[in-house]
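Here the structure comes first, spelled out in structure tokens, and everything after it is commentary.
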Protein chains: 2
Amino acid sequence: MLPSKLKLRSLLAGTLALSLALSSFSVLAAEKVYRLKLAETWGPNTPILGDATKNMAKLAEEMSNGRLKIRIDSANKHKAPLGIFDMVKSGQYDLGHSSSYYWKGKVPNTLYFSSMPFGMISTEQYAWFYRGGGMELMEKVYAPHNLLSFPGGNSDIQMGGWFKKEINSVDDLKGLKIRIPGFAGEVMAKVGAKPTNIAPGELYTSLERGTIDALEWVGPAFDLRMGFQKIAPYYYTAWHEPGSETQFLVNKKKWDSLPKDLQTILETAFRVAAFDMYTQAVDANASSWATMSAQYPDIKVRDFPPEVLKAMKTATTELLEQQASSDLLAKEIIESQRQYLTKVRAWTDISSKAYLDTN
Amino acid sequence: MLPSKLKLRSLLAGTLALSLALSSFSVLAAEKVYRLKLAETWGPNTPILGDATKNMAKLAEEMSNGRLKIRIDSANKHKAPLGIFDMVKSGQYDLGHSSSYYWKGKVPNTLYFSSMPFGMISTEQYAWFYRGGGMELMEKVYAPHNLLSFPGGNSDIQMGGWFKKEINSVDDLKGLKIRIPGFAGEVMAKVGAKPTNIAPGELYTSLERGTIDALEWVGPAFDLRMGFQKIAPYYYTAWHEPGSETQFLVNKKKWDSLPKDLQTILETAFRVAAFDMYTQAVDANASSWATMSAQYPDIKVRDFPPEVLKAMKTATTELLEQQASSDLLAKEIIESQRQYLTKVRAWTDISSKAYLDTN
């Protein structure tokens with residue numbers, strides 16, 4: 001005998017509720033939300049650098065239809081601007097945005113994935129990363145640390161910095177107190193300068209009072225608001241960071257736990273945010289240089305004289321030879337970059353350089 | 001009275017089947033597969049250009065977890081390499097991959113979104129597209145045709161072409177039979193040359209037999225296999241296409257029918273494929289130039305003399321003034337590009353150019 005209509009209805013309702021609950025469970029499984037935490041080296045709302053992480057997070061969330069949610073902690077929150085490598089390695093954060101050469105003291109071979117003195121310009125370096133073996137070498141360096149690293153956006157070619165006096169010879173560099181950190185600082189020391197490190201907030205006063213004679217910062221987009229042009233009229237052209245690339249760091253264990261489509265979405269969001277940051281940096285440098293050169297017509301743009309460039313280049317080569325001789329992977333990376341640069345620069349010279357020179 | 005266990009089980013089974021069917025219907029609705037058809041100007045398996053469409057389709061499918069499926073028809077299939085604009089406009093195809101300046105005869109203002117003589121190099125032009133108002137202007141040109149256009153990948157700076165004789169003066173251009181299509185051909189005609197159009201398959205023989213004295217093709221990556229270096233030793237540097245951008249075309253009605261997340265995925269796949277094509281082109285040009293210059297050491301790379309460049313530049317400016325005076329939107333685009341170029345080139349000159357010149 002069949003139950004009454006009422007009973008059937010209530011039975012069916014219960015069964016439907018159960019089966020809908022089951023099926024929405026399976027929908028939820030397919031649409032599980034992955035919440036990732038990203039720590040960035042930069043302070044909150046840092047232009048260009050901070051835009052790259054925001055763009056990336058927004059893009060990943062939109063493309064995944066909300067299945068990826070990325071929380072961004074700036075330096076004011078996590079208090080460890082130079083702790084990104086460790087925090088992502090340990091899993092305290094899933095993602096990081098920083099720059100590879102910051103980890104040189106910890107893992108020397110991370111040095112080679114930001115920008116090298118007398119190295120490749122941005123477009124050449126992207127070709128090396130994606131087509132010339134750079135990504136594979138970067139993986140070799142980061143994988144042992146439970147990390148993946150991806151290009152994180154280029155800040156465009158960096159200027160050589162602001163100098164109070166003109167540099168006419170290598171002698172003019174002897175004893176010169178200059179704020180220039182990292183590997184470029186080692187090069188400067190090798191040619192006789194005295195590189196120092198000074199907190200960003202004290203740079204202007206240090207330069208004004210003569211505690212330092214010169215400094216490198218970034219390029220017009222970041223330099224303009226610092227005001228160095230008011231107190232150091234010589235703006236030297238690039239040599240030490242011809243194409244500074246930032247990086248997205250990923251905790252590898254976390255990465256492996258993501259579904260394939262979300263991995264692809266994340267990797268793609270990294271690439272677009274990186275490319276977009278480069279484009280934004282070119283635009284911001286162009287606009288800031290237009291403003292700066294109009295407001296401060298006395299800025300003197302100078303190339304270092306050939307003698308000085310030659311000395312710095314020799315110092316760079318010697319330091320790299322030293323590194324190559326003490327570590328096999330360093331040797332492999334340095335050799336890969338040297339060979340790629342030789343090949344790609346021959347093309348750049350007859351294409352972009354020739355065009356810019358004749359226009 | 002409750003039905004027997006057997007009966008209950010069969011009743012429940014039926015209800016479950018019904019409700020699962022209902023819920024998988026809703027899952028299917030969320031996971032509806034959108035099949036899009038893309039027509040490309042290029043023949044099947046064209047390197048670089050054809051890789052861009054394949055990369056884009058693969059990326060879109062992966063990121064959408066199979067909800068976007070894109071079929072690519074090459075020119076051998078649709079038989080209308082220069083019919084992409086019309087086929088996507090009409091909805092015969094949903095997507096296209098081509099280059100904007102091909103539509104100049106149909107919609108004159110499409111000319112400005114590939115590359116202009118004496119215009120921006122690739123990185124400058126990307127900054128103009130994404131940060132300098134270029135995308136908005138492109139939309140103004142394409143929207144009335146039920147089309148959206150996105151940058152589709154850059155073939156890198158193009159060489160000025162292969163010449164049998166050296167060009168030492170404007171007089172040497174008078175009567176010169178040169179294969180150079182489009183707007184650059186108009187510029188060449190204005191300075192006295194005789195631009196002709198010849199099918200790609202007949203170019204080598206025409207150059208060899210003297211039917212033409214010179215030709216422009218692309219750059220080392222595409223030129224190498226054509227073999228022009230064997231019969232025309234002068235390889236002139238760039239002037240007419242300093243940063244040739246291809247395009248992804250989208251039927252706007254189709255675009256509007258896609259869910260937001262798939263629109264974002266598609267737009268992002270366009271951007272990554274475009275950027276990747278640029279990187280690939282840089283790498284391929286570098287490798288091909290290394291091969292070419294090693295195998296044919298007699299290739300003579302030449303810049304056009306300043307007098308010749310000046311004449312071609314004047315001709316370009318006059319043609320652009322003519323176009324600006326006859327169409328308000330043309331005027332707006334030309335003015336936008338001129339202003340952006342002035343601003344961004346001032347920065348390029350003290351950054352990349354200075355660096356390349358001193359290295």
Side-chain angles (χ1 to χ4, degrees), chain A residues 1 3 12 15-16 19-20 23-24 27 59 62-63 65 118 121 123-124 126-127 130-132 156-157 159 219-220 237-238 242 260-261 264-265 268 271-272 275-276 279-280 282-283 285-287 289-290 293 301 303-304 309 343-344 346-359, chain B residues 1 3 12 15-16 19-20 23-24 27 59 62-63 65 118 121 123-124 126-127 130-132 156-157 159 219-220 237-238 242 260-261 264-265 268 271-272 275-276 279-280 282-283 285-287 289-290 293 301 303-304 309 343-344 346-359:
Chain A
M1 191 188 139
L12 280 173
T15 317
L16 268 169
S19 61
L20 279 173
S23 66
S24 44
V27 170
L59 203 55
E62 273 182 30
M63 289 196 292
N65 210 3
F118 303 105
I121 59 172
T123 48
E124 294 170 338
Y126 276 128
Y130 293 116
R131 300 275 165 176
D156 199 5
I157 190 165
M159 293 295 283
T237 60
K260 179 76 181 78
D261 60 331
T264 306
I265 283 178
T268 306
R271 286 190 77 159
V272 170
F275 179 46
D276 202 50
T279 298
Q280 184 184 4
V282 170
D283 178 70
N285 275 325
S287 296
W289 175 241
S293 55
V301 175
D303 299 329
F304 288 108
L309 287 166
K343 183 176 78 171
V344 76
W347 163 241
T348 303
D349 278 347
I350 68 161
S351 58
S352 306
K353 179 178 178 295
Y355 180 70
L356 293 170
D357 281 346
T358 55
N359 256 271
Chain B
M1 190 188 138
L12 280 173
T15 318
L16 268 169
S19 60
L20 279 174
S23 67
S24 44
V27 170
L59 203 55
E62 274 182 29
M63 289 196 292
N65 211 3
F118 303 105
I121 59 172
T123 48
E124 295 171 337
Y126 276 128
Y130 293 117
R131 300 275 165 176
D156 199 5
I157 191 164
M159 292 295 282
T237 60
K260 179 77 181 79
D261 60 330
T264 306
I265 282 178
T268 306
R271 287 190 76 158
V272 170
F275 178 46
D276 203 50
T279 298
Q280 185 184 4
V282 170
D283 178 69
N285 275 325
S287 296
W289 175 241
S293 55
V301 175
D303 300 329
F304 288 107
L309 287 166
K343 184 176 78 171
V344 76
W347 163 241
T348 303
D349 279 346
I350 67 161
S351 58
S352 306
K353 179 178 179 295
Y355 180 71
L356 293 170
D357 281 346
T358 55
N359 256 272

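Here is how names work: the chains are called A, B, and so on, in the same order as the sequence lines, proteins then strands, and each is numbered from 1. When reading the values below, keep in mind they use all heavy atoms of this one structure, side chains included, and skip hydrogens, waters and symmetry mates.
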Where does [X] contact chain B at under 4.5 Å (heavy atoms): side chain, backbone, both or neither?
X        : answer
A:Ser293 : neither
A:Leu309 : side chain
A:Val301 : side chain
A:Ala290 : side chain

>> When you compare the side chain of A:Thr358 with that of B:Phe304, does any pair of heavy atoms fall below 4.5 Å?
In response: no
> So do B:Thr237 and A:Tyr355 actually touch side chain to side chain, heavy atoms under 4.5 Å?
Replying inline: no
What's the separation between atom [atom1] in [X] and atom [atom2] in [Y], rounded to the nearest 0.5 Å?
X        : Y        : atom1 : atom2 : result
A:Arg131 : B:Asp283 : CZ    : CG    : 7.0 Å
B:Lys353 : A:Asp357 : NZ    : CG    : 5.0 Å
B:Lys343 : A:Ser287 : NZ    : OG    : 3.0 Å

> If every non-hydrogen atom of A:Met63 is compared with every non-hydrogen atom of B:Ile265, which pair is closest and at what distance?
Replying inline: O-CD1, 3.4 Å
> Does the side-chain contact (heavy atoms from CB on, under 4.5 Å) test come out yes or no for B:Ile350 and A:Trp289, once each step is laid out?
Replying inline: CA-CA 10 Å; B:Ile350 67 161; A:Trp289 175 241; 3.6 Å; yes
> Of the listed residues (A:Val344, A:Asp276, A:Asp303, A:Ile121), which shares the most heavy-atom pairs with chain B below a 4.5 Å separation?
Replying inline: A:Asp276
> Quick one: what part of B:Trp347 sits under 4.5 Å from any heavy atom of chain A, side chain, backbone, both or neither?
Replying inline: both
> What orientation do B:Phe275 and A:Phe275 show, parallel under 30°, tilted 30 to 60°, or perpendicular over 60°?
Replying inline: parallel
> Listed by chain and number, what are the salt bridge (charged side-chain N to carboxylate O under 4.0 Å, His left out) partners of B:Asp349, not counting sequence neighbours?
Replying inline: none
> So which of B:Pro220, B:Gly219, B:Gly132 has the biggest tally of heavy-atom pairs under 4.5 Å with chain A?
Replying inline: B:Pro220
